[in-house]
Each structure stands twice: as C-alpha cells, then as structure tokens.
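To keep things clear, I will list the structure first and then write my remarks on it.
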There are 2 protein chains.
Amino acid sequence: MGATMKDIAKRTGLGLATISSYLNGGNVREKNRIKIEEAIEELHFEVNEVARGLKTNRTKTIGIVIPELNNIFFAEIITEAEDILRSHGYATMICDCRSDAEREKEAVEFLYHRRVDGLIVMPTGRTDPGFKRFVRAGKPVVMIDRKMQDVPCDCVLVDNKGAARDAVKRLVRAGHRKIGMIAGPDNVYTARERLKGFQEAVAEMDAVADETLITGGNYTIAGGAAAMRKLYKMHPDMTAVFVTNYEMTVGAMMEINDLGIRVPDELSVIGFDNVDFAKASVPKLSIVTQPTASIARAAADNLIERLESRPVNEKADEDADGERMTVTVTLKTGFVEGRSVKTMNN
Amino acid sequence: MGATMKDIAKRTGLGLATISSYLNGGNVREKNRIKIEEAIEELHFEVNEVARGLKTNRTKTIGIVIPELNNIFFAEIITEAEDILRSHGYATMICDCRSDAEREKEAVEFLYHRRVDGLIVMPTGRTDPGFKRFVRAGKPVVMIDRKMQDVPCDCVLVDNKGAARDAVKRLVRAGHRKIGMIAGPDNVYTARERLKGFQEAVAEMDAVADETLITGGNYTIAGGAAAMRKLYKMHPDMTAVFVTNYEMTVGAMMEINDLGIRVPDELSVIGFDNVDFAKASVPKLSIVTQPTASIARAAADNLIERLESRPVNEKADEDADGERMTVTVTLKTGFVEGRSVKTMNN
DNA sequence: ATCCAAAACCGAAACGTTTCGGTTTTTCTA
DNA sequence: TAGAAAAACCGAAACGTTTCGGTTTTGGAT
C-alpha cells in the first residue's frame, strides 16, 4: 500500500540516507529538496512511525494513568495535556484504572510493554504500581495531584491543605462554629491533605473540634450522600459543612435535597471542584476550584522538556546513581463565591 | 537494556523461530517450554511490541476521536471502550478535537500516521475529516452517536428521535401545551434527530406548534443558559421546557435559578443525560438517559470482531469493490423520573 | 527394528527506518 | 584556477520481530 523511503530514493535517484536526512530536517540541496517533495507528493509517502520507533527506541507516545476518566476534574486535565502533547508530536495512551490498585498495576505494565516514552500519572494507592521501572529505564514520570514518597519523580501538586484551611476559615469568619467535613478516603494523598487543612483551621480558629464531625465519603457520590446523612443525624445542630471533592458535593446535595434541609438557612455548604455544577445549584454553591489547565500544562511541559533534553544528560544521569534531581511544583487553588454560606449575626 | 528474542534463543540453545512460535502460542516441546520460560524469567524478557508491529503491520492500537473529553456523556463511553479494548490487548489513542472540524481533521491524520488499526469516532461536522482513508486502507471505523452519509462504516446510534418524542409526550400527558425546547446545533446529527422527535410529538399530541418555542443552545452550558433566558422572555406563559443535552441542562438550571423561577410550580423541566446531576438538583430532575456502557460495548465489540476476523476475508473485501457490508445498531434510551414535571389538573 | 507422517525445529530474509564511515560534490580562499 | 575545507551524499548494517522453506526429531504402526 504505502510508499516507503526506498521508493522515494529510487524515484529521485538519491540515496536512502539523504531522504532520511531531509525528513529529519537535515540539509539537502535545493534541487534535490524539490525532487524529494515532488516524489513524496506523488507517491503519497508518509513516514512509518513504527519503523522509526523501532530504530530510535522512542515511540513518541506517552502514557497517562488516571483513577477515573469520567470525573470532570481528571477529564479536564487530560484534555488539556493531550492537546499540548499532541501539538509536540506525542500521542497519548490513556488508561483508566477505576481507582483500583490492581488495575493500575496492569495499566502501568501495559504501558511499559508498549514502550511509551514517559508517563503522566495520578497514583491510586500508596504503593508503587511499577513507576520505578520507568524511572530506572530513564523514562520520565510526572505525578499529578498526588505524591508518592518512594518514587523519585517530578510532581505537580495543588495546595490542598491551604485550600481546605482557607475554606474552613471562611466559614468560621461567617460565624460558624460547628462545622462538619465530608472527607475523602485516607489512603489518598489529597484527602489527607485536605483533612489536615480542615483540622488546622479548626484549631487555629477555635471552632468545635469533634472527631465525629469528620466523616469519610470515599470520594464518590454515594459516599458523599451517606456521609451527609450520617453527619446530619449525629449533629443536627451543625451549621455548616465542607465537602471535599466534586462527586461528594453532588452526593451531599442530593441528600440535603432528600432531607429537605434548606441551604443556606439551615445549613451552609462549601463544595469542591466543579464551577458549573456550583452555578447550576440552588442556591449557587460556594466552592473551592482547582487550576486544571495549569496542572496539565505544568505536567506536559515538564515531560516534554525532560524528553527533548534527554540525550545530552544520558551519561550524567547514570553516574548520579540513577538519582535525578526532581522538581515539585505546587499550584494555588481558587475560590468561587456563591450563596450557600450564611453569615450568622451573633 | 532489555533482552531480545535472540538472547532467549542463545540462552536456551533453541532457534529464533521456536521462540517466536512459543510467544505466539505455538507448540513447543515440554522441556523446551520450561527452558524458554526460565530464560524469559531470568533475562526479564518482554516482547517488543514496536518491532512486532513493524513486522505484522498491526499496531494493536485503536484511535478514538471525540468532540470533547470533558463531557460526561463522551467520557463515560470512552472509559468503557478503553477498558474493553485493553482487555483484548489493544491500546487506545484518544484525541479530543474540541468540537472543531479543523482539529478533527488533524487528529484523524495524526492517527493515520500513527497507523492505528481502527477508529472509533464521534464526528464533529458534516463532512468527512478523513475517515474514508481508513476505510480504503481496510481499517475498520465505527461511528458512535452520530451518522455520516458518505462514509461506509458501522454505526452505533441511540434512538434520539424516539427519546425526544417520548419526553414531550410525557409533558403533554401531564397537561402541558406550551412547551419550549432547547435544541442543539443543527449541524449535529443528534440535535437534528431530537428536534424531529420534538416536532413529531407536538404535532401528534396537538401541543402548541410555534417555531419560536424552539431555541438553539449550541450544546454548551452558556448556550443553554442563554436559550433559557430567551425562551422565558419570549414566552413567559410557557409551562414546560425540554432540554436536550447535559451541558444545556446545567445551563438552563443556572438560568432558571437566576431568574427565580420555581420548578416545577412555574415551569416543568425535562433534562438530558446525567442521572447524577438530575438527582442532585432541587427538585430532582426528570431526564432522558443514554445507555453509555452499551454504546461503548457495541462499538468496541464490533471493532474487535472486524479486526480479528480480517485476515480471512482479505480477498473477499477487495473484490467487493471496497464496499463492505456495514451494520448500524440503534440503542434505546432510558427515562428517569424526578419531581420536575408538574401534573396540571385542568 | 524399521519406517513414516506429523510435530517440532531451524536459519535467513524481510518489515521501514536511522546511523555510521566513507565518498563525492560544492564552495571558498589564495 | 588549484587546493582544501565544508557540505552533501551514499550504501550497508542494524533495530527486534515474524514468516517462509526446509530439516530434524518424535512416536506410533508394522
């Protein structure tokens, strides 16, 4: 079917190496350039990336491993990252591991097999599902959103602790003392950070520090709903609740709806992540937002930079005992004011 | 770094062909099998898919082109499809073209270059961005959600017309006559179908047939909000509105919220797509749902079947003048009852 | 023990690139 | 215009598989 470089060489009377040189941006005499371009045009030649990959040992493909694709927070990051990477000629292979450590391991192995050049990941569990293998092979890994101690790689994080602390302080300043928190699973890095932020704020601001005001919601809609119910049953006098991701915010709102609680008169709410949902809620929700586009850009740029500058340091990497200098960037969150927080006049 | 088949051959004293045979499920003498497995274990051998791909001319990769990844409807389908494909050893390269025809064309070209074995696509525009090239090359293409006349390929559709008709009939049966519709862009297949369904129902049920009751919302949140406002301004006496995708449903709810309209007392609403959002709304929304998992499964299974059975018909395909038998499956939508439709006692 | 078909095995060629040394051509300098 | 440096060019080997003929081994049947 497709024409090969050999065909182009034959057609133009030039050598294989010259064609290759032309294709890779090397110098070629003007008249030959024209001949080559004509031949390419006529024969509809397109370079075979697979063959090239075999030879160069680079697939120009990067793997992405995420917990859930049907989660707007992740999806937004992926969209942006894919766009940037593709504009640099990199294809992306996305693997959704459904927040399951076993699947995650399979995905990483799968991508290793496929010999992707690098990885963008949001680790699901606390143990390495095989990232180290990439690092050992000199393939860059950048971790997003969550950190993992024992894998030496670049990270792009968000100031989760600060975001939570800030949100809670807002509530306290509005006069709330008894504040509930719907937390994420404690094996997830972001959940732990947000919890810390909550606790710090409670301590600093002298709000009610009661362990039972903190309920796990598992980062799911159902979990958020269950947590909301539990909190409300246990603390009917609670005046505000802080929900710490999008899914749980949706779940909590469903439950609040079912319980017939009026927001913000009876209960103030601060949610997380999704501006659109917040604006579409009645009343509009106040929420913490994450800079998804910046996260994606930081991750993609970092990866590309590592990939393109690799050849130079090849030796340097080695003698540094495999231990590269890694960089971690932490981005700031935002806050969108809604009408779901009542100011108490006490 | 990595060991190759040659290393395994040397280590075991066997021939290259034998190793290849073993790796591809061929028969090998028991004792040799053991030797091979030991060698693989010791040398940490993993077959190089890139080299294999070069030789077999199959990348075991399929491309997915969608209008928006950060759109739950699409994201859910992708998640599921990716899962199925990967379990069959296929990697997926996802390209988000942001509903832009130009980007879509680039994406298709990109994937063609990458020599993916097949394509799952949701066409953005009405003209072929290059799918035909795949078809000509004997590579299966399956179209999801939207149909395109001039590209002969398999399709997985949803009964959009029926869904819309059904939804409107529900409204009429509940006593509504003056029903607004927030429609999608008319260059999108599904939007046209939903519009047809609406019009059919209005005609059949003798509801008010006024062109100005139909407003385009562009399938976006902002569009949905604007359309809602326009509808309300023009027809304050409208008693129900049918919104025809998730984003516009969110937008419409935002606007309804802003305008202070009470649902369902002043206005009944039927939305589209996202059950979770519907349940989290106040009051719970009645919505049309789409069978995302079934769509994904139908598409992925179809593709795999075409790919795995290809070698046999290779010849048959050809002499059929490139015109293969294509199949279109149409799936049924669902309906989730909420509390957003008022029953009029007139 | 002998023979034969079937099963298992083998090496070499090929897939379409890049790259390495080495050769030719061009261009510049004196 | 001769000579040399630089630029352009070249073919062959290599990347790690699969596959094609052909050869050897195996295990029954005689």
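Every chain is numbered from 1, with letters handed out A, B, ... down the list of sequences.
Where B/Ala17 and A/Asn24 each meet DNA chain C at their nearest nucleotide, the meeting point lying more 5' is that of B/Ala17. Toward the 5' end of DNA chain D, the nearer of the two residues B/Arg29 and B/Lys55, judged by each one's closest nucleotide, is B/Lys55.
We find that B/Arg33 and B/Glu30 are joined by a salt bridge, their nearest charged nitrogen and carboxylate oxygen being less than 4.0 Å apart. Checked for salt-bridge contact, A/Glu46 and B/Arg133 meet the test: a charged N lies under 4.0 Å from a carboxylate O.
Here A/Leu14 lies in heavy-atom contact (under 4.0 Å) with sugar-phosphate atoms only. A/Val50 comes within 4.0 angstrom of no nucleic acid atom, judged by non-hydrogen atoms across all strands. Residue contacts shown for A/Ser20 include a base, since a base heavy atom lies under 4.0 Å away. No contact: B/Tyr22 has no heavy atom under 4.0 Å from any strand. Residue contacts for A/Glu30: at a heavy-atom cut-off of 4.0 Å it reaches no nucleic acid atom on any strand shown.
Side-chain contact annotation: B/Thr124 with B/Arg103, donor-acceptor N/O pair under 3.5 Å absent.
Looking at B/Glu76 and B/Glu80, their side chains never come closer than 4.5 Å, going by heavy atoms from C-beta outward.
Enclosure of atom NZ in B/Lys60 by more than 12 non-hydrogen atoms of other residues, nucleotides or ligands within 6.0 angstrom is indicated. Atom CZ of A/Arg297 is surrounded by 12 or fewer heavy atoms from other residues, nucleotides or ligands within 6.0 Å.
The nucleotide range of DNA chain D contacted by chain A, defined by atoms under 4.0 angstrom from heavy atoms of the protein and reported 5' to 3', is D/dA8 to D/dG16.
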